[in-house]
Amino acid sequence: QVQLVESGGGLVQAGGSLRLSCAASGTIFSIDTMGWYRQAPGNQRELVATITSGKNTNYEDSVKGRFTISRDNAKNTVYLQMNSLKPEDTAVYYCNVDLYTGTIFSIKRGTYWGQGTQVTVSS
């Protein structure tokens, strides 16, 4: 069974930094795209950043230049380095992973979500 475990959230002052981690474990054949989403109170869930298996990245405009998404394929882990944090970055952050389970002869694709980690940025 696949599980995603997030860590790294917390409380930080504006201008500070946090590094989020999300490790996938279980019966995994391979991992395709990994990403981070966030949802602030009263807001829709929004995509923050994605990274493909080839390590191509995309960012939501408001975090460009401040956040960096990366991955360690050997550890099935995706990271989000968040610098120059702003109060508007406050949200629950969820990692999302598109992956394949099973064998090469019977592969199932699915999307999995982490449990969410709270990031709070104070003024």
Side-chain angles (χ1 to χ4, degrees):
Q1 188 172 5
V2 176
Q3 290 187 324
L4 305 182
V5 179
E6 299 182 32
S7 62
L11 175 64
V12 66
Q13 289 185 312
S17 298
L18 287 172
R19 183 173 182 258
L20 306 183
S21 299
C22 176
S25 62
T27 307
I28 299 171
F29 181 80
S30 65
I31 297 178
D32 194 358
T33 301
M34 310 176 83
W36 291 93
Y37 292 74
R38 66 186 181 186
Q39 187 167 17
N43 289 359
Q44 298 279 0
R45 181 182 61 186
E46 67 174 356
L47 179 66
V48 177
T50 60
I51 182 167
T52 68
S53 60
K55 298 188 178 180
N56 292 319
T57 60
N58 286 286
Y59 297 92
E60 195 274 327
D61 287 343
S62 69
V63 307
K64 287 181 178 178
R66 299 189 297 119
F67 291 9
T68 302
I69 188 170
S70 62
R71 64 191 286 169
D72 185 335
N73 291 330
K75 297 181 178 180
N76 291 337
T77 299
V78 61
Y79 306 93
L80 186 67
Q81 179 66 47
M82 303 183 293
N83 298 326
S84 301
L85 282 162
K86 304 175 181 180
E88 50 263 45
D89 295 319
T90 295
V92 177
Y93 285 70
Y94 300 90
C95 68
N96 175 269
V97 178
D98 293 327
L99 57 79
Y100 300 86
T101 61
T103 71
I104 194 169
F105 302 110
S106 182
I107 299 172
K108 299 177 182 179
R109 184 172 186 174
T111 299
Y112 295 84
W113 292 89
Q115 80 279 8
T117 184
Q118 178 70 49
V119 172
T120 302
V121 184
S122 62
S123 301

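Note that the coordinates shown come from a computational prediction; the quantities given were computed from them, not determined experimentally. Heavy-atom basis, side chains included; hydrogens, waters and symmetry copies ignored.
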Problem set entry | Met34 vs Ile51 side-chain heavy atoms within contact, under 4.5 Å | yes
For this session: Determine whether Lys55 and Thr57 make a side-chain contact, defined as any pair of heavy atoms from C-beta on separated by less than 4.5 Å.
Result: no
Got a second to check how far [X]'s [atom1] is from [Y]'s [atom2], nearest 0.5 Å?
X: Ser21; Y: Arg71; atom1: OG; atom2: CZ; result: 14.0 Å
X: Leu99; Y: Leu4; atom1: CG; atom2: CG; result: 7.0 Å
X: Cys22; Y: Glu6; atom1: SG; atom2: CD; result: 5.0 Å
X: Ser84; Y: Arg66; atom1: OG; atom2: CZ; result: 7.0 Å
X: Thr101; Y: Ile28; atom1: OG1; atom2: CD1; result: 9.0 Å
X: Thr77; Y: Leu20; atom1: OG1; atom2: CG; result: 12.5 Å

Seminar exercise, completed: Residue pairs meeting side-chain hydrogen bond (donor to acceptor under 3.5 Å, both in side chains), one or both in residues 32-51, sequence neighbours left out, come to Asp32-Arg109, Arg38-Glu46, Arg38-Ser62, Arg38-Asp89, Arg38-Tyr93
Tell me whether [X] shares a hydrophobic cluster with [Y], the cluster being built from Ile, Leu, Val, Met, Phe, Trp, Tyr side chains joined at under 4.5 Å.
X: Tyr100; Y: Ile31; result: no
X: Ile69; Y: Tyr94; result: no
X: Trp113; Y: Leu47; result: yes
X: Val92; Y: Leu18; result: no

For this session: Without swapping roles, check the side chain of Thr120 against the backbone of Thr90 for a donor-acceptor pair under 3.5 Å.
Result: no
Exercise. For Leu85 and Phe67, what are the C-alpha separation, side-chain angles and deciding distance, and is it a side chain to side chain contact (heavy atoms under 4.5 Å, CB included)?
Worked result: CA-CA 9 Å; Leu85 282 162; Phe67 291 9; 3.8 Å; yes
For this session: For atom CD of Gln13, decide whether the heavy atoms of other residues, nucleotides or ligands shown that lie under 6.0 angstrom number more than 12.
Result: no
Problem set entry | Minimum-distance pair of heavy atoms, taken over all atoms of Ala91 and Ala40 | CB-N, 3.8 Å
Seminar exercise, completed: Scanning both residues in full, the closest heavy-atom pair of Gln81 with Ser17 reads NE2-CB, 4.0 Å
Problem set entry | With sequence neighbours excluded, residues passing side chain to side chain contact (heavy atoms under 4.5 Å, CB included) with Gln3 | Ser25
For this session: With sequence neighbours left out, write down each residue that passes side chain to side chain contact (heavy atoms under 4.5 Å, CB included) with Ser70, or none if nothing qualifies.
Result: Tyr79
